[in-house]
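Below, each value reflects all heavy atoms present in this structure, side chains not excepted, and no hydrogens, waters or symmetry copies. So that the names make sense, note that chain A is the first sequence line, chain B the second, and so on, each numbered from 1.
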Protein chains: 2
Amino acid sequence: MDESRRNILRALGSQVKRHRTKLGLSQEELGFRSNLDRTYISGVERGVRNPSFTALVSLASGLGLTLSELLDNLEVEARNIK
Amino acid sequence: MDESRRNILRALGSQVKRHRTKLGLSQEELGFRSNLDRTYISGVERGVRNPSFTALVSLASGLGLTLSELLDNLEVEARNIK
DNA sequence: ATGTGACTTATAGTCCGTG
DNA sequence: ACACGGACTATAAGTCACA
């Protein structure tokens, strides 16, 4: 059962999206800031991509966050997703 | 210049190793707990692997940590590595 | 108990587009 | 501005034998 895999990926995606929209950034703008393709950002936010550690670093940096800030509360969120 | 890539991967590796040894675990034992091959753990600790988000989740879980705990202070460490 | 090289299969990540 | 897909190349996953 790697339903749990999708759940945690979705939790990550919603965190990214939450932080991005809070900053008023488009996916394109975040892509630019983090040096990642816009379609890739889209995939991460939808939980269909499993970013590498370095991609996470880029994302956090594009959002002006530390990694632990970006990933904080993640397991909680993952648990709340059915 | 992706010297910085290797630096952050090494910083991650040293975090993993630090937490692992603090628990008195061998790489083999951590591998068992996190469902990852022992040689894979070795690669992560040496900074020659760039684990995916889900692999990081497995690692953190094997260490009994949350992701943000595992990744806390990472950027600081990365900066301290030349 | 760990480091390392080599290897195959899976997927990360990009680039092109469509609605 | 975003979801989603196809096709592609680069690299991660995952494992092994051996030092």
Side-chain angles (χ1 to χ4, degrees), chain A residues 1-64 67 70-71 74 78 81, chain B residues 1-64 67 70-71 74 78 81:
Chain A
M1 180 99 74
D2 58 334
E3 180 62 14
S4 72
R5 175 195 155 102
R6 267 176 290 158
N7 285 345
I8 192 97
L9 286 174
R10 281 197 211 114
L12 172 65
S14 81
Q15 288 277 87
V16 171
K17 181 167 189 172
R18 188 168 63 75
H19 283 293
R20 176 178 63 79
T21 55
K22 192 157 78 176
L23 292 171
L25 294 175
S26 69
Q27 292 179 344
E28 236 158 1
E29 287 164 330
L30 177 55
F32 181 73
R33 291 186 186 207
S34 47
N35 265 313
L36 293 167
D37 196 81
R38 103 191 135 69
T39 65
Y40 187 68
I41 307 274
S42 166
V44 171
E45 289 191 356
R46 284 177 291 131
V48 299
R49 293 284 187 159
N50 182 21
S52 65
F53 172 68
T54 52
L56 288 171
V57 171
S58 299
L59 273 170
S61 146
L63 290 166
L67 258 183
L70 177 59
L71 302 177
L74 207 68
I81 295 178
Chain B
M1 179 105 73
D2 59 331
E3 181 62 15
S4 70
R5 176 194 154 102
R6 266 175 292 159
N7 285 346
I8 192 99
L9 286 174
R10 281 197 211 113
L12 171 67
S14 81
Q15 288 277 88
V16 171
K17 182 167 189 171
R18 188 167 62 75
H19 283 293
R20 175 178 64 81
T21 54
K22 193 157 77 176
L23 292 171
L25 294 175
S26 68
Q27 292 179 345
E28 238 158 358
E29 286 164 329
L30 177 55
F32 181 73
R33 293 185 184 207
S34 45
N35 266 311
L36 294 168
D37 196 84
R38 124 194 126 63
T39 64
Y40 186 71
I41 308 272
S42 167
V44 171
E45 287 191 357
R46 285 176 291 127
V48 301
R49 295 279 189 159
N50 183 20
S52 65
F53 172 69
T54 52
L56 288 171
V57 170
S58 300
L59 273 170
S61 145
L63 290 165
L67 257 184
L70 177 58
L71 302 178
L74 205 69
I81 295 177

* For the helix from C:dT2-D:dA19 to C:dG19-D:dC2, figure out the bend between the end axes, five pairs an end, and round to 10 degrees. =>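 It works out to 40° between the end axes.
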* Mind checking side chain to side chain donor-acceptor pair (under 3.5 Å) for B:E28 and listing every partner two or more places apart, or none if nothing turns up? => none
* side chain to side chain donor-acceptor pair (under 3.5 Å) against A:T54, all qualifying residues, sequence neighbours excluded -> A:S52, B:N50
Return the [atom1] to [atom2] distance between [X] and [Y], rounded to the nearest 0.5 Å.
X: B:L56; Y: A:L71; atom1: CG; atom2: CG; answer: 8.5 Å
X: B:R33; Y: B:S58; atom1: CZ; atom2: OG; answer: 14.5 Å
X: A:F53; Y: B:I8; atom1: CZ; atom2: CD1; answer: 4.5 Å

* **Partners meeting salt bridge (Lys or Arg N to Asp or Glu O under 4.0 Å) with A:R18 (sequence neighbours left out)** => none
* Asked: Do any pairs count as a salt bridge (Lys or Arg N to Asp or Glu O under 4.0 Å) and have a residue in residues 34-60 of chain B, sequence neighbours left out, and if so which ones?
  ->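 Checked against salt bridge (Lys or Arg N to Asp or Glu O under 4.0 Å) - neighbours excluded - the pairs reaching residues 34-60 of chain B are B:R20-B:E45.
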* A:S42 side chain near D:dC2 phosphate (N/O to OP1/OP2, under 4.0 Å) ->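 So the side chain of A:S42 is outside the cut-off, no N or O lying under 4.0 Å from OP1 or OP2 of D:dC2.
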* To do: Can you tell me the distance, in whole Å, between the CD atom of B:E45 and the C1' atom of C:dT2?
  => 9 Å
* Separation of D:dA3 C1' from A:L30 CG (nearest whole Å) ->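 In whole Å, D:dA3 C1' and A:L30 CG are 16 Å from each other.
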* **Position toward the 5' end of DNA chain D (nearest nucleotide), A:R46 or A:E29** => A:E29
* Structure fact -> Result for side chain to side chain contact (heavy atoms under 4.5 Å, CB included) between B:L30 and one of B:T21, B:L23, B:I41 points to B:I41
* **Sequence-aligned protein contact record of nucleotides 12-19 of chain D, with B where the base is within under 4.0 Å of a protein heavy atom and S where only the sugar-phosphate is** => SBBBBBB-
